[in-house]
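Note sheet for the following structure.
For reference, positions follow the sequence shown, starting with 1. Remember, it's a predicted structure, so these values are computed and weren't measured experimentally.
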Amino acid sequence: MAQRELDESGLRELVDAFYARIRADAALGPIFNDAIHDWPEHLEKLAAFWSSVMLASGRYKGRPVPAHMKHRDRITPELFDRWLALWAQTTNERMAPEVAHALQAKAARIAESLQIAMLLRLDLPPASRPGNEHAVP
């Protein structure tokens with residue numbers, strides 16, 4: 001398989017291949033398939049996200065934390081690890097080595113941020129967050 005460069009078409013092909021793998025995964029597939037009702041639309045959104053993150057295109061206009069918070073009861077640290085492992089496998093197979101490494105590093109930081117947000121329940125008002133029982137709203 002030819003290794004892709006870091007450009008819009010390379011990212012789109014990567015996103016499509018990766019989420020095909022996610023959808024078929026025994027652990028992640030059920031969660032994603034329950035959560036996503038329009039896969040073509042979602043894949044476009046994900047391609048825009050990675051374009052914004054890696055190419056600074058500004059195409060993504062969403063809010064990833066609230067989108068993931070709806071599913072926090074089903075998402076565990078082990079599932080983040082599984083997601084990252086599949087991401088590493090897919091990026092290593094499809095992208096040039098230096099591009100794969102950059103994508104993996106960015107994904108690890110994003111996964112860490114999402115896990116922190118979910119742990120701290122950043123969707124709650126500050127006074128309602130764990131550890132902030134005495135915070136002034």
Side-chain angles (χ1 to χ4, degrees):
M1 173 179 311
Q3 293 186 325
R4 297 299 313 245
E5 294 300 319
L6 187 60
D7 58 19
E8 292 287 348
S9 66
L11 286 171
R12 180 57 198 242
E13 288 180 22
L14 174 67
V15 164
D16 288 349
F18 174 66
Y19 282 96
R21 190 169 270 165
I22 288 289
R23 292 171 76 180
D25 186 75
L28 293 168
I31 295 168
F32 277 83
N33 289 319
D34 287 350
I36 307 304
H37 303 290
D38 185 344
W39 272 102
E41 177 187 351
H42 194 65
L43 291 170
E44 182 56 40
K45 186 182 293 187
L46 291 165
F49 173 82
W50 283 103
S51 172
S52 293
V53 167
M54 299 304 293
L55 303 175
S57 68
R59 291 195 317 116
Y60 180 73
K61 305 297 182 203
R63 296 176 52 218
V65 171
H68 289 83
M69 292 299 273
K70 294 183 282 188
H71 310 289
R72 73 173 161 253
D73 293 338
R74 294 182 73 186
I75 301 174
T76 65
E78 295 78 21
L79 292 176
F80 274 101
D81 291 343
R82 178 72 182 147
W83 188 96
L84 288 168
L86 291 174
W87 181 251
Q89 180 182 2
T90 309
T91 55
N92 284 334
E93 290 171 357
R94 296 185 163 269
M95 307 304 281
E98 65 280 359
V99 173
H101 178 72
L103 287 159
Q104 292 163 21
K106 185 63 80 170
R109 288 191 297 277
I110 292 166
E112 181 179 24
S113 295
L114 279 173
Q115 288 182 83
I116 290 169
M118 293 171 119
L119 175 67
L120 296 178
R121 300 187 63 178
L122 293 179
D123 63 326
L124 296 175
S128 302
R129 292 186 195 142
N132 285 340
E133 291 82 9
H134 304 291
V136 177

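Note that CG of Asp16 is 9.5 Å distant from CG of Leu46, once rounded to the nearest 0.5 Å. Annotation: the span from Glu8 atom CD to Leu55 atom CG amounts to 5.5 Å, rounded to 0.5 Å. For the atom pair CD1 of Ile31 and CG of Leu79, the computed distance is 4.5 Å after rounding to the nearest 0.5 Å. Atom CD1 of residue Ile36 and atom NZ of residue Lys45 lie 8.0 Å apart, to the nearest 0.5 angstrom. Atom-to-atom distance recorded for Arg82:CZ and Ile22:CD1 is 7.5 Å, nearest 0.5 angstrom. In this structure, NZ in Lys106 is found 4.5 Å from CZ in Arg109, a value given to the nearest 0.5 Å.
Contact of the Met95 side chain with the Glu5 side chain is not registered, since no non-hydrogen atoms from C-beta on lie closer than 4.5 Å. The shortest distance between side-chain heavy atoms of Ile75 and Leu114 does not fall below 4.5 Å. For the pair Thr76 and Asp81, the minimum side-chain heavy-atom distance is 4.5 Å or more. In this structure, the side chains of Ser52 and Lys61 stay at 4.5 Å or more apart for every pair of heavy atoms. Residues Arg12 and Leu43 are in side-chain contact: their nearest non-hydrogen atoms beyond the backbone lie under 4.5 Å apart. Using a 4.5 Å cut-off on side-chain heavy atoms (C-beta onward), Phe49 and Ile110 make contact.
Note on Asp25 versus Arg21: no salt bridge recorded, every NZ/NE/NH1/NH2 to OD/OE distance being 4.0 Å or above.
Taking the six-membered ring for Trp and thresholds of 30 and 60 degrees, Phe18 and Trp83 have ring planes more than 60 degrees apart, a perpendicular arrangement. Using cut-offs of 30° and 60° for the angle between ring planes, the Trp50 and Trp87 rings count as parallel.
In this structure a side-chain-to-backbone donor-acceptor pair under 3.5 Å is present from Thr91 to Ala88.
Residues Ala111 and Leu84 approach most closely at CB-CD1, 4.0 Å, considering heavy atoms.
Around atom CD of Gln89, more than 12 heavy atoms belonging to other residues, nucleotides or ligands sit under 6.0 Å away. For Glu13, the CD atom sits in a packed shell: over 12 heavy atoms of surrounding residues, nucleotides or ligands are nearer than 6.0 Å.
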Item to check | Trp39 and Arg23: CA distance, side-chain angles, deciding distance, side-chain contact (heavy atoms from CB on, under 4.5 Å) verdict | outcome: CA-CA 10 Å; Trp39 272 102; Arg23 292 171 76 180; 3.1 Å; yes
